[in-house]
Amino acid sequence: MNLFLQEIPASERAPKTIQETPAPGQDPLIARGLQKEQYAGIIGLAIALIAAVGFFSQRVEYAIAFAVFLSAILIALFLFI
């Protein structure tokens, strides 16, 4: 009996499901049309936060605005290097 030519019976626990690959570019878990509205909402909230803090303290408003401006410049710098 030659072991190299012997067929191995299929296991009863072998997976019997078929895996379907989704079409490229059609992932239903990614909301593609909402990015602009989300960015506008985030920017609006940031402006409202700075205005609310500025109502109580002008120095804190300037500090937050400077930190946001500096962060944006550093993020852009590191992304494009």
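Computed from heavy atoms alone, side chains included, the values below leave out hydrogens, waters and symmetry copies.
Separation of atoms CD1 (I43) and CD1 (I47) is listed at 7.0 Å; rounding is to 0.5 Å. Rounding to the nearest 0.5 Å places CG of L74 at 11.0 Å from CG of L79.
The two residues V53 and E61 make their nearest non-hydrogen contact at CG1-N, 4.3 Å.
Both L49 and I64 sit in one connected hydrophobic cluster of ILVMFWY residues. Membership requires side-chain heavy atoms under 4.5 Å apart, directly or through other members.
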